[in-house]
Amino acid sequence: MEIKNKKYIFVTGGVMSGVGKGTTCSSIAAILKAKGFEVTALKIDPYVNVDAGTMNPTEHGEVFVLDDGMECDQDMGNYERFLEKSLTSANYMTTGSVYKTVIEKERALKYRGKCVEVVPHIPLEVIRRIEKAARKEKAEISVIEIGGTVGEYQNILFLEAARMMKIKYPKDVLVVMVSFLPIPDKIGEMKTKPTQYAVRTLNSAGIQPDFIIARSERSLDQKRKEKIATFCNINEDYVISAPDVDSVYNLPVNFEKDKIGEKILEKLNLEIVENNIKKWEKITEKIKKIKKNLEIAVIGKYFSTGEFVLSDSYISVIEAIKHGAIHNEVKTNLTWIDSIDYEKDPSKVQELKRFDGIVVPGGFGERGVEGIIRAINYARVNKIPYLGLCYGMQLAVIEFARNMAGITRATSKEIKENSKYTVIDIMPDQKKKMEKNDFGGTMRLGSYKALLKKSTIAAKAYNDSLIYERHRHRYEVNPKFIKDLEKAGLVFSGFSPDRRLMEIMELPKAYHPFFLGTQFHPEFKSRPHNPHPLFLEFIKVAKKLKFQAKK
Ligand code: GLN
């Protein structure tokens, strides 16, 4: 039975960013789903960029791609993973996209002569989009994450939208603040004062939070709960402890210790339909029991800005590896290797010997590619399980062309503009767009169908002959070279239905235990309870090789 009024939960951040607002939203959404409701999640990004496609991943984190081709914030990936469903562009907006719509409407005389103002027209457009997404998703409850932290100039209009919505639907809107409680080393005590200030700042935007999620290293003690309750004008039952956890997939179970789901539903006047949290309990248990460990090298070129950025730039790859690992009952220890190291000192590539698997994720540009190719060569020759994602596939084709198919000067159009040996090239329709300088439109984006060749590693892993996967790239395997590559032993095990575009390359099992690359990004569709088949297979082979060898 569908509920009468749609419900909306806004989630804002207090004190500082990077404390897990996205995974908190995702966990709340997952818990409410487990209690029997149709739930969706939206992200509002306060950037003027119209989408995330033009943002540098080292600054903003991974560009996540949806089925419909929307390039968006990595949190959309968290929502998909926790909600176990694919979302659409209706669930993502930026300041830029909101303003764009308002300005276009104004130009089309849609405001009928009215003076168009930042308030109320911008928040009204935000509200229109939130309601539209809820309708489209048939969501009974929408969880809406407002990017940034309160007190920032740039998200104030989104807080205004939340405030206006709360007036519009007083019984159907909740506001959750995800705050941070530091434990300074020198003091050794958890401090609540920054949270108090953050709530006061939110109050000055006309909003009183209904829940405060207290993120910290440790659990909140009773004294801190009481303090927050008193100074932040909130009942202590609605202050939820959120200590650090080993795995984000423990979060739903952890939140449920404080009965967050029940409390939210009670505030929204909803009754629990079912209690299906078992799935999350199971995965939490499974993770706890794992003892075996695999060493995985991730080789790329975005790594120069320090470790923190790394995990954000490749979050879906990291999560997909984890999903594959959890279901193979192993842990994975990832080592990030900057490919430039192998250009400076080619002999350093020998260090790859100690790894159980090698992954080359997506990337752009020519910097560092020769180092990556060197690493791929090492993986191929030394029979280390290899998984190449997008650029990782293209560079594997180049390596093979150079060293196995006799095309010694093989390259990509992206690396060398004027070469006769572009085994990776730009397709004619993309080229036209590039010439017009329409860079935003030059990528192949979103979900495309591919067919799989029978009896290949890919077909066996998917256990299917037709797949849909998400893309984000400009270049493709050049049809001119396909025959030569195949003759030399390379197998294109996935291709577009018209057979023009090569989607998966692999080497026969007799030659290499697992050497496979995908033109698409399988990591975007991997889910904790339903790992992506290629990641599952990659980890399975790596595990088998490591632990069989020891026997
Ligand atoms: N740079 C390559 C291309 O544009 C690969 C892109 C990627 O890895 N996402 O085709």
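Each ligand, and each atom within it, is numbered from 1 in the order the structure gives. Nothing here was measured: the structure is a model prediction, and the numbers come from that model. The figures that follow rest on heavy atoms only: side chains count, while hydrogens, waters and symmetry mates do not.
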**Q** Heavy-atom contacts with His473 under 4.0 Å: which atoms of ligand 1 show up? List them by number with element.
**A**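 Under 4.0 Å from His473, ligand 1 has these atoms: 3 (C), 4 (O), 6 (C), 10 (O).
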**Q** One residue to check: Glu476. Relative to ligand 1, which of side chain, backbone, both or neither has a non-hydrogen atom less than 4.0 Å away?
**A**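 The answer is neither; Glu476 stays 4.0 Å or more away.
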**Q** Any Lys/Arg nitrogen of Glu329 or Lys540 sitting under 4.0 Å from an Asp/Glu carboxylate oxygen of the other?
**A**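 No.
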**Q** I need the atoms of ligand 1 closer than 4.0 Å to a non-hydrogen atom of Cys390, numbered in the order shown.
**A**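 Under 4.0 Å from Cys390, ligand 1 has these atoms: 5 (C), 6 (C), 7 (C), 8 (O), 9 (N).
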**Q** Using a 4.0 Å heavy-atom cut-off, say whether His521 meets ligand 1 through its side chain, its backbone, both or neither.
**A**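 For His521, only side-chain atoms sit under 4.0 Å from ligand 1.
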**Q** Quick one: do Lys85 and Glu80 make a salt bridge, cutoff under 4.0 Å?
**A**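 No, no charged N to carboxylate O under 4.0 Å.
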**Q** Output the list of atoms in ligand 1 that are nearer than 4.0 Å to some heavy atom of Phe364, sorted by atom number.
**A**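 Checking each atom against Phe364, I get 1 (N), 4 (O), 6 (C), 7 (C), 9 (N).
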**Q** Of all the non-hydrogen atoms in the protein, which one sits nearest to atom 2 (C) of ligand 1, and at what distance?
**A**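 Here the nearest protein heavy atom works out to Glu414 OE1, 3.2 Å.
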**Q** Just need the protein heavy atom nearest to atom 4 (O) of ligand 1, so name the residue and atom and give the distance.
**A**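 Looking only at protein heavy atoms, the one closest to atom 4 (O) of ligand 1 is Arg474 N, 2.9 Å.
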**Q** So that I can tick it off, tell me whether Glu125 and Arg129 are bridged by a salt bridge, with the cut-off set at under 4.0 angstrom between side-chain N and carboxylate O.
**A**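 Salt bridge flag = yes for Glu125 with Arg129.
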**Q** Determine the sole option in Asp73, Asp45, Asp51 for which the side chain to side chain donor-acceptor pair (under 3.5 Å) test with Tyr92 is passed.
**A**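 The side chain to side chain donor-acceptor pair (under 3.5 Å) with Tyr92 is passed solely by Asp45 among Asp73, Asp45, Asp51.
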**Q** May I ask you to identify the nearest protein heavy atom to atom 10 (O) of ligand 1, giving residue, atom name and distance to one decimal place in Å?
**A**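 Looking only at protein heavy atoms, the one closest to atom 10 (O) of ligand 1 is Tyr475 N, 2.8 Å.
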**Q** Among all protein heavy atoms, pick the one closest to atom 9 (N) of ligand 1 and tell me residue, atom and distance.
**A**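 Answer for atom 9 (N) of ligand 1: Arg472 O, 2.8 Å.
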**Q** So, Arg444 and Glu476, do they make that salt bridge, N to O below 4.0 Å?
**A**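 A salt bridge is present here (some side-chain N lies under 4.0 Å from a carboxylate O).
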**Q** Indicate yes or no: at least one non-hydrogen side-chain atom of Ile467 is less than 4.5 angstrom from one of Leu452.
**A**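 Yes, close enough: below the 4.5 Å cut-off.
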**Q** Only heavy atoms count here, so choose which of Gly363, Ser412, Gly362, Gly388 is nearest to atom 6 (C) of ligand 1.
**A**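 Going through Gly363, Ser412, Gly362, Gly388 one by one, Gly363 has the nearest heavy atom to atom 6 (C) of ligand 1.
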**Q** Do Glu506 and Thr456 come within less than 4.5 Å of each other through their side chains, counting heavy atoms only?
**A**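 Yes, their side chains come closer than 4.5 Å.
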